[in-house]
Amino acid sequence: MAQVTDYPSLVQAVQDWLSRSDMTGPGPVDYFIQAAEERIYHDILAQNLQRGTQAMETVLAGTIANGVLALPSGYLAMKHLILQAGSNSYELERKSAEFIYTRFPNRTADDAPAYFAREGQSFIFGPYPDSNYTLAGIYWQRSAGLSSSNSSTWMTTTIPSTLLAAVLAGAGGYLQDSDKQQYWEQ
């Protein structure tokens with residue numbers, strides 16, 4: 001059996017392992033792949049105290065504007081966030097949005113932030129920024145899903161066997177084959 005290295009080889013491996021005539025072509029397999037990717041992201045964060053893996057790390061660079069910074073593309077969780085204030089820089093502490101609003105209810109220019117929180121599709125800060133501060137950091141990112149137009153991600157290069165097992169476990173559930181599902185769950 002060929003090694004999983006990209007989307008086409010993953011689709012082929014799934015079809016080979018399933019060995020079912022009604023599972024030809026990427027169509028149904030795409031659903032299994034999408035569900036497997038979601039599950040892997042969920043499990044990584046859940047089992048690592050909301051921390052990702054090095055393969056998921058992406059650089060964040062931005063400027064606070066109107067007291068917020070938009071969430072970057074594919075954002076899952078923040079590893080660290082550094083505020084640059086003149087010649088000084090320091091790490092912001094992650095808090096809940098409730099903490100920010102309770103501790104810093106005045107949402108007008110106040111001081112350099114010490115805390116950040118996610119609220120919807122933005123980061124908010126406390127105290128409310130008195131300037132458009134520059135931020136730099138590292139966050140864990142969800143990559144674009146595997147597909148015929150995006151044939152490789154960190155999962156195919158770093159954890160191809162885990163990805164294949166997650167896809168096959170999902171296929172076992174879909175096919176109502178509890179033996180295969182349990183086999184691949186392990």
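Here, residue 1 is the first one in the sequence, and each next residue gets the next number.
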Q: Please answer: with hydrophobic residues joined when any side-chain heavy atoms are less than 4.5 Å apart, are Phe125 and Tyr101 in the same cluster?
A: no
Q: How close do Ile64 and Pro113 get, heavy atom to heavy atom, and via which atoms?
A: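 Closest approach of Ile64 to Pro113, heavy atoms only: CD1-CG, 4.2 Å.
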Q: Is the number of heavy atoms from other residues, nucleotides or ligands under 6.0 Å of Arg107 CZ greater than 12?
A: yes
Q: Just how far is it from atom CG of Leu135 to atom OG of Ser89, taken to the nearest 0.5 Å?
A: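 Interatomic distance, Leu135 CG to Ser89 OG, rounded to 0.5 Å: 11.5 Å.
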Q: Has Thr102 got a side-chain atom pairing as donor or acceptor with Glu98's backbone, closer than 3.5 angstrom?
A: yes
Q: Rounded to the nearest 0.5 Å, what's the gap from CZ on Phe32 to CG on Leu18? Could you check?
A: 7.0 Å
Q: Check whether more than 12 heavy atoms from other residues, nucleotides or ligands sit under 6.0 Å from atom NE2 of His42, and answer yes or no.
A: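 No, NE2 of His42 has 12 or fewer neighbouring heavy atoms, counting only those of other groups under 6.0 Å.
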Q: Are Leu71 and Phe116 in one and the same hydrophobic cluster, where Ile, Leu, Val, Met, Phe, Trp and Tyr link if side-chain heavy atoms are under 4.5 Å apart?
A: yes
Q: Evaluate side-chain contact (heavy atoms from CB on, under 4.5 Å) for Arg94 paired with Tyr115, printing each intermediate quantity in order.
A: CA-CA 6 Å; Arg94 181 186 358 252; Tyr115 308 99; over 6 Å; no
Q: Are Ile159 and Trp17 joined in one hydrophobic group, where the rule is that I, L, V, M, F, W and Y side chains link up if heavy atoms are under 4.5 Å apart?
A: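 Yes; Trp17 is reachable from Ile159 via cluster members.
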Q: What is the minimum heavy-atom distance between Gly52 and Ile44, and which atoms define it?
A: CA-CG2, 4.0 Å
Q: Are any non-hydrogen side-chain atoms of Met78 and Leu60 less than 4.5 angstrom apart?
A: yes
Q: Check for a donor-acceptor pair, side chain of Glu93 on one end and backbone N or O of Ala114 on the other, with a separation under 3.5 Å.
A: no
Q: How long is the gap from CD on Glu91 to CG on Leu81, to the nearest 0.5 Å?
A: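 Rounded to the nearest 0.5 Å, the CD-CG separation comes out at 8.0 Å.
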Q: How close do Gly126 and Phe104 get, heavy atom to heavy atom, and via which atoms?
A: CA-CD1, 3.6 Å
Q: In the single-linkage hydrophobic clustering (I, L, V, M, F, W, Y; side-chain heavy atoms under 4.5 Å), do Val29 and Leu10 co-cluster?
A: yes
Q: Which pair of heavy atoms, one from Ala112 and one from Asp130, lies closest together, and at what distance?
A: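 Minimum heavy-atom separation between Ala112 and Asp130: N-OD1, 3.7 Å.
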Q: Report the C-alpha separation of Tyr75 and Phe123 in whole Å, then their side-chain angles, then the decisive distance to 0.1 Å, and conclude whether the ring pair (Phe, Tyr, Trp, His ring centres under 6.0 Å) test is met.
A: CA-CA 11 Å; Tyr75 176 84; Phe123 293 114; 5.2 Å; yes
Q: Tell me whether Tyr7 is reachable from Tyr41 by hopping between hydrophobic residues (I, L, V, M, F, W, Y) whose side-chain heavy atoms are closer than 4.5 Å.
A: yes
Q: State whether the side chain of Arg39 and the backbone N or O of Ala166 hold a donor-acceptor pair below 3.5 Å, judged by distance alone.
A: no
Q: Between the side chains of Asp30 and Gln34, is a donor N or O closer than 3.5 angstrom to an acceptor N or O?
A: no
Q: Determine yes or no for a side-chain-to-main-chain donor-acceptor pair under 3.5 angstrom, with Arg142 supplying the side chain and Ala144 the backbone.
A: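 Judged by distance alone, no pair lies under 3.5 Å.
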Q: Where the side chain of Tyr128 meets the backbone of Asn66, is there a donor-acceptor pair that is under 3.5 Å apart?
A: yes
Q: Say whether, by atom type as modelled, one donor and one acceptor occur between the side chain of Asp110 and the main chain of Pro127 under 3.5 angstrom.
A: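 No; zero donor-acceptor contacts below 3.5 Å.
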Q: Rounded at 0.5 Å granularity, tell me how far CG in Leu83 sits from CG in Leu92.
A: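 That separation rounds to 5.0 Å.
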Q: Taking C-beta and beyond as the side chain, do Leu163 and Leu146 meet within less than 4.5 Å on heavy atoms?
A: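 Side chain of Leu163 against side chain of Leu146, heavy atoms only: contact under 4.5 Å found.
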Q: Less than 3.5 Å apart, any donor N or O on the side chain of Ser9 or Asp6 sitting next to an acceptor on the other?
A: yes
Q: Identify the heavy atoms of Ala55 and Trp154 that sit nearest to each other, and give their distance.
A: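 For Ala55 versus Trp154, the nearest heavy atoms are CB-CE3, 3.5 Å.
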Q: In Å and rounded to the nearest 0.5 Å, what is the NE2 to OH distance from His80 to Tyr139?
A: 13.0 Å
Q: List the atom of Ile100, the atom of Ala117, and the distance in Å for their closest heavy-atom pair.
A: CG1-CB, 3.8 Å
Q: Apply side-chain contact (heavy atoms from CB on, under 4.5 Å) to Val59 and Ile138, showing your working.
A: CA-CA 5 Å; Val59 173; Ile138 301 291; 4.0 Å; yes
Q: Supply the atom-to-atom distance Leu69 CG to Asn132 CG, rounded to the nearest 0.5 angstrom.
A: 11.0 Å
